[in-house]
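First the structure, in the form of structure tokens, and then the observations on it.
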Amino acid sequence: MLKRKEFILGAAVGLTFAAAATAGGVITWPGAEAAPAARVGQLVPSAGAGAVAFAPPQGAPLSFADIFQQVAPAVVQIDVKTRVQRPRGVFQIPGFGAVPIPGAPGGSGEGEDNSTTAMGTGSGFFISGDGFIVTNNHVVENAEEISVKLSDGRELKGKLIGRDENTDLAVIKVEGAGFPFVSFEEQSEPRVGDWVIAVGNPFGLGGTATAGIVSARSRDLQDQSSAYVDYLQIDAAINRGNSGGPTFDIYGRVIGVNTAIFSPSGGSVGIGFAIPATTAKAVTDKLMRGESVERGYLGVQIQTLSKDAAAALGLNENAKGAYVAEVTAGTPGERGGMKVGDVVTSVNGEAVDSSTELTRRVARARPGDTLRLEILRDGKRQTLNIRAGARPSEAELNGSDEASPQPGDSGVVGQTIEGLTVTPITSALRQRYSIPNDMEGVVVTAVAPRSEAGKMRLPVGTVIQRANNRVVRSEADLKAAVDEARSAGRPGVFLLIRVQGTNSSVVLPFAKSE
């Protein structure tokens, strides 16, 4: 099991897979077949003067050189200049670390320009002959200046046309015509084991090619973008500076846009991720037309209903869906009647097996469309018809983040239940842990280290809002829910909790009898 992982993103951090067709066409793959008599690793006579040549296994390409030669002109290097905030009261000595200087400029004055410029680099590729270029959003999102370096050495000024932060895609444009370009492949989906080629700008070394295979499909990067993207996993070497470059099949068609690597060290370990061509084309087509990418929105926080959660709620162990952990006030979800504790099982007749599926089905809707949601509420099936809203930007959604809980107060007295010491919410606790004024529940003020709760590392300051999907207003409510779950023979109690300003659901297992 991996104990540490990093998904690396950034203008100079990511990946690239490239090698494409000229002018959007398809190239013929020479050497697609090995010599008829050759076996894996067999030396066979060559056409030369009695020399021998190594014949590749059946189906393996003899070389990627012809593909690279034809597609490389469509791949570009993207250099960006951004403005970043400089730490106040710090003086940078060339060749040394940052040294705090008491009373240094910028330490306290208002209205001062306390920023500095920074350079970043990534990759991209022409998607049309009139200068449209596809890259990653994280390469250009904060750029003040964009410079595009072509394979022939020319440098052109780039203009941001549009970007979509939810899929990490962006389109820029350079002035001119007749640029070599490549095309997205939408018809033939890549299979695990298919060859891929990457051409890009790792570490600023433009015109670099690597090759490998599709090593997996439908990968989840466990971040916001994965709600909208089933990533391709590829093993062609990609490194810093490859972000935004294309992934090509052996016919020079773009099958993906590289966006992240999985690495414990920051360098390539043979696991990279690309946005599939079907997703990339749909988004970039809109951006090229100057349109924004709109997605449907309900305004609820959801989680996948796990088997443990289903069992703790007394549902069938095969029950699937998305559990509603929070409903934001004033959103389409609240207006449409959604409530905390609902389990959404389908949207417009399409089954929902996970929170990701619900997010994608809602996102496909246009603002104003009516969504028919089948839900489980208190074990009973209901139907809600909700008019979808327009999803706000990530900055708008994250603007209401609340402060993190502070260390607990050992002087608070409460009742201990299943290793958790809980107490009703008081005005002092509400202020200390930034608990919203309209939130009900009990606050965790202590956790027994050797209890099941201790093993889960639930932090002090956690607010328990619901137990077994019933509102908790007191210690007695929590105790009653625990006793009920135990009497029913369930493995634990299902809790809706709030930690660091975010709602989530957990199953607190019951301690086993000795």
Side-chain angles (χ1 to χ4, degrees), residues 1-3 5 216 218-228 230-231 298 300-327 333 338-347 350-362 373-382 417-420 441 444 447 451-459 462-472 478 481-482 484-512:
M1 178 183 296
L2 290 175
K3 296 186 178 179
K5 65 181 178 181
S218 300
R219 287 304 198 201
D220 186 342
L221 301 193
Q222 300 178 3
D223 69 348
Q224 181 60 38
S225 68
S226 293
Y228 308 99
D230 277 328
Y231 288 93
L298 290 177
V300 296
Q301 185 176 314
I302 53 178
Q303 293 180 309
T304 298
L305 184 71
S306 66
K307 287 187 177 181
D308 288 343
L313 288 170
L315 302 175
N316 185 298
E317 64 176 10
N318 295 320
K320 295 182 179 180
Y323 177 82
V324 178
E326 184 173 1
V327 180
M338 297 186 76
K339 296 182 178 180
V340 172
D342 288 346
V343 177
V344 181
T345 58
S346 74
V347 177
E350 294 183 280
V352 169
D353 292 342
S354 66
S355 60
T356 297
E357 283 192 359
L358 176 57
T359 298
R360 290 178 181 175
R361 302 212 193 298
V362 172
L373 273 61
E374 301 292 334
I375 66 169
L376 287 173
R377 180 179 293 172
D378 299 327
K380 299 178 181 178
R381 294 191 176 275
Q382 297 186 30
I417 304 170
E418 294 296 318
L420 294 173
V444 175
V447 182
S451 67
E452 293 298 322
K455 296 176 184 176
M456 295 173 63
R457 298 185 178 180
L458 288 179
T462 296
V463 179
I464 300 175
Q465 303 175 71
R466 300 173 75 94
N468 289 343
N469 240 1
R470 297 179 184 175
V471 175
V472 171
L478 178 59
V482 168
E484 179 186 18
R486 277 189 177 277
S487 299
R490 297 175 189 171
V493 60
F494 181 89
L495 303 177
L496 176 65
I497 64 175
R498 187 176 187 84
V499 180
Q500 297 184 359
T502 301
N503 284 8
S504 61
S505 60
V506 298
V507 175
L508 175 61
F510 293 135
K512 296 180 180 179

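Looking at heavy atoms from C-beta onward, R466 lies out of side-chain contact with S505 at the 4.5 angstrom threshold. A 4.5 Å side-chain heavy-atom check between I497 and Q465 finds every atom pair outside the cut-off. Inter-residue side-chain proximity for V499 and P459 is flagged as met; some heavy-atom pair is nearer than 4.5 Å. Looking only at side-chain heavy atoms (C-beta outward), I302 and V344 stay at 4.5 Å or farther from each other. Inter-residue side-chain proximity for V352 and L373 is flagged as unmet; no heavy-atom pair is nearer than 4.5 Å. At least one side-chain heavy atom of R498 sits under 4.5 Å from a side-chain heavy atom of E326. By the 4.5 Å heavy-atom criterion applied to side chains, T345 and I375 are not counted as neighbours. Two residues are said to be in side-chain contact when any heavy atoms from C-beta on lie closer than 4.5 Å; T462 and V447 fail this criterion.
The CE atom of M338 lies 11.5 Å from the CD atom of Q382; values are rounded to the nearest 0.5 Å. Residue E418 holds its CD atom at 10.0 Å from CG of L495, rounded to the nearest 0.5 Å. To the nearest 0.5 angstrom, N469 atom CG is 10.0 Å from L376 atom CG.
Enclosure of atom CG in D353 by more than 12 non-hydrogen atoms of other residues, nucleotides or ligands within 6.0 angstrom is indicated. Around CZ of R470, the count of heavy atoms belonging to other residues, nucleotides or ligands within 6.0 Å does not exceed 12.
Of all heavy-atom pairs spanning N503 and A325, the tightest one is ND2-O, 2.8 Å. Closest non-hydrogen pair, L420 versus A453, comes out as CD2-CB, 3.5 Å. Listed here is the closest heavy atom pair of L478 and A467: CD1-CB, 4.0 Å. Across all non-hydrogen atoms, the minimal contact from F494 to V507 is CD1-CG2, 4.1 Å. In terms of heavy-atom proximity, Q301 sits nearest to S504 at NE2-N, 4.2 Å. Here the shortest heavy-atom pairing between A485 and N468 reads CB-ND2, 3.7 Å.
Under the salt bridge (charged side-chain N to carboxylate O under 4.0 Å, His left out) criterion, R490 pairs with no residue, sequence neighbours left out.
Salt bridge annotation for E452-K455: present, with a cationic side-chain nitrogen under 4.0 angstrom from a carboxylate oxygen. For the pair K320 and E357, the salt-bridge criterion is not met [side-chain N within less than 4.0 Å of a carboxylate O].
S354 places no side-chain N or O within 3.5 Å of a backbone atom of T304 that could act as its donor or acceptor partner. In this structure a side-chain-to-backbone donor-acceptor pair under 3.5 Å is present from R361 to A351. Remark: side-chain polar atoms of D342 are not paired, donor with acceptor, to backbone N or O of V324 under 3.5 angstrom.
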